[in-house]
Protein chains: 2
Amino acid sequence: MQSEADYLAHYDPSRFPTPIVTVDSVLFTLYQQQLSLLLVKRANHPQQGYWGLPGGFIDLEQDDSTRATALRKLTEKTGVTPPWLEQLETFSGPHRDPRGWSLTTAWFALIAWADCQPHISTVTDAQWLPLSQLAHYDIAFDHRAIIDAALLRLRQKTMYSMLPVYCLPAEFTLSQLQDVIETILGHPVQRKSLIRRFDASEMFEETGEFIATGARKARLYRRKAGVDIHLFSRNLTGEMT
Amino acid sequence: MQSEADYLAHYDPSRFPTPIVTVDSVLFTLYQQQLSLLLVKRANHPQQGYWGLPGGFIDLEQDDSTRATALRKLTEKTGVTPPWLEQLETFSGPHRDPRGWSLTTAWFALIAWADCQPHISTVTDAQWLPLSQLAHYDIAFDHRAIIDAALLRLRQKTMYSMLPVYCLPAEFTLSQLQDVIETILGHPVQRKSLIRRFDASEMFEETGEFIATGARKARLYRRKAGVDIHLFSRNLTGEMT
DNA sequence: ATAATAGTGTCTTTTAGACAGTATCCC
DNA sequence: GGGATACTGTCTAAAAGACACTATTAT
């Protein structure tokens, strides 16, 4: 009878064939009233020259989870850490990568455009692509399917949470929030309904400041420190007559 | 300038350190009014003798996705394929498996107890464990955390869908459905609300048969063929005065 | 007939949709 | 003052909660 210590001492991980493992992220933002996502031009094979999701291999020394990998890669590309990052889904199969059987754990992130623009504007291998332009691009691997899944998740959560605030800067107005939500959902929502939920969520506080975006000055809000996202028990349908 | 074909011809996947990759499933059922899950006694190291989730390594020859791996392992243990199987989450890290940096894609499944009992009763290395007993068991790896995540998912979805029907046999009564739902949520629900949602979902049809479970005979229903699960835009809160 | 389980009717409550009305600001 | 944007009040509508009521069956 072998002990676990003996077993581990002689364990050779390379004995078994194993898939290629990567981590990829779909990072959304709002830029010029358009929902956009971060794409990276692939410098190396395979699919060299195609645009793909920011991501890569796990660094077994540095990363203590795939979340850490996602965060490391996103920080490399944007210079900052996104205020929202959640696991999306793991995609796998023998044909999604020409190198062989592969698996990628996809993450889904949101950030304010202004927060990472200083860094992104200095590089040529990363860009914000408006979703409306996606159809005209060659996208690497199965990343288009991953983007579709992320978009679905974003739209779902927008209907029962205030998730889109994470696309806005730290201080924002209700009208800005309404804009992101309407852009994500693709149709108008009742401002009154939005305000009711905004208050009920208890996620936000007034800064005390006002900002002039149009005519009347609008109240500025920020997220309360250390407050979790609030999930509503009912969807915003946004159906209007 | 190297071509992609050249690159692929010389690609050696073993050059890079890679995590240990597995697939695990949380299979729930209802047995004797108790929400239970399938556990397997680990025959080999590591964690030999502990109970863990049914799962294992991906067979790169046979499996064309981690779903296929989950299904293959579940079928080995239960003799049948579960009517509900969805991806839960991927768990990863350097310490969750003593062999090293590991990653497991966890799946979440439901099945009727009667459908797999013929097979499970013949083996000694697999058992249904009522959730209430879980605290008294030594569970392998981080499988307890995976079970917690699955349970959370099950409870969430029970509030906005008819998911628990997949814990019932092909033909069932409304009272049986109410029972599973109340067991999962841990509190009673309004039968009237349940019936309204049951009808509105358009997922079911009457078999025309009745069954005597208690006093008055109850109508039998089955799932309509090829119908997708219906998601409600509002949660069943189940709060009662 | 009674008890027990199955199923219906209908009133209340909650929260979103609709939309008119008021407030503030710049010109 | 007029037009534009910000914000409020309040009615309606949809769907869940509450619970009393009727229906069917075994004993």
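Atom set for the values below is all heavy atoms of this structure, side chains included, hydrogens, waters and symmetry mates excluded. Here is how names work: the chains are called A, B, and so on, in the same order as the sequence lines, proteins then strands, and each is numbered from 1.
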Seminar exercise, completed: To the nearest angstrom, the CD-P distance between Glu209(A) and dT24(C) comes to 18 Å

Exercise. Between Asp125(B) and Lys77(B), is there a side-chain N and carboxylate O pair less than 4.0 Å apart?
Worked result: yes

Exercise. Are any of the side-chain heavy atoms of Leu177(A) and Met162(A) separated by less than 4.5 Å?
Worked result: yes

Seminar exercise, completed: Assign each of Asn235(B) and Ala212(B) the nucleotide of DNA chain D bearing its closest heavy atom; nearer the 5' end lies the nucleotide of Asn235(B)

For this session: Classify the angle between the aromatic ring planes of Phe172(B) and Phe198(B) as parallel (below 30°), tilted (30 to 60°) or perpendicular (above 60°).
Result: perpendicular

Problem set entry | Presence of Thr237(B) side-chain N/O under 4.0 Å of dA16(D) phosphate oxygens OP1/OP2 | no

Problem set entry | cation_pi(Arg222(A), Phe204(A)) dist<6.0 Å, angle<=45 | no

Problem set entry | Residue pair Arg67(A) / Gln87(A), side-chain donor-acceptor N/O under 3.5 Å | no

Exercise. Within 45° of the six-membered ring axis of Tyr160(B) and under 6.0 Å from that ring's centre, is NZ or CZ of Arg234(B) located there?
Worked result: no

Exercise. Between the side chains of Thr90(A) and Thr105(A), does any donor sit under 3.5 Å from an acceptor?
Worked result: yes

Measure all distances between protein nitrogen or oxygen atoms and nitrogen or oxygen atoms of nucleotides 5-10 of chain C, and list the pairs falling under 3.5 Å.
| from | atom 1 | to | atom 2 | distance (Å) |
| --- | --- | --- | --- | --- |
| dA6(C) | OP1 | Ser175(B) | OG | 3.1 |
| dA6(C) | OP1 | Thr213(B) | OG1 | 3.2 |
| dA6(C) | OP2 | Ser175(B) | OG | 2.6 |
| dA6(C) | N3 | Arg216(B) | NH1 | 2.7 |
| dG7(C) | OP1 | Arg219(B) | N | 3.0 |
| dG7(C) | OP2 | Arg191(B) | NH2 | 3.3 |
| dG9(C) | N7 | Lys192(B) | NZ | 2.8 |

Problem set entry | Selection: residues 197-204 of chain B, any non-hydrogen atom under 4.0 Å of DNA chain C | none

Exercise. Got a salt bridge between Lys224(B) and Glu205(B), using NZ or NE/NH1/NH2 to carboxylate O under 4.0 Å?
Worked result: no

For this session: For Ile211(B) and dT25(D), give me the distance from atom CD1 to atom P, rounded to whole Å.
Result: 14 Å

Exercise. Quick one: Arg234(A) CZ to dG17(D) C1', roughly how many Å, whole number?
Worked result: 13 Å

For this session: Determine: side-chain N/O of Gln190(A) to OP1/OP2 of dA16(C), distance under 4.0 Å, yes or no.
Result: no

Exercise. What integer distance in Å separates Leu185(A):CG from dA16(C):P?
Worked result: 14 Å

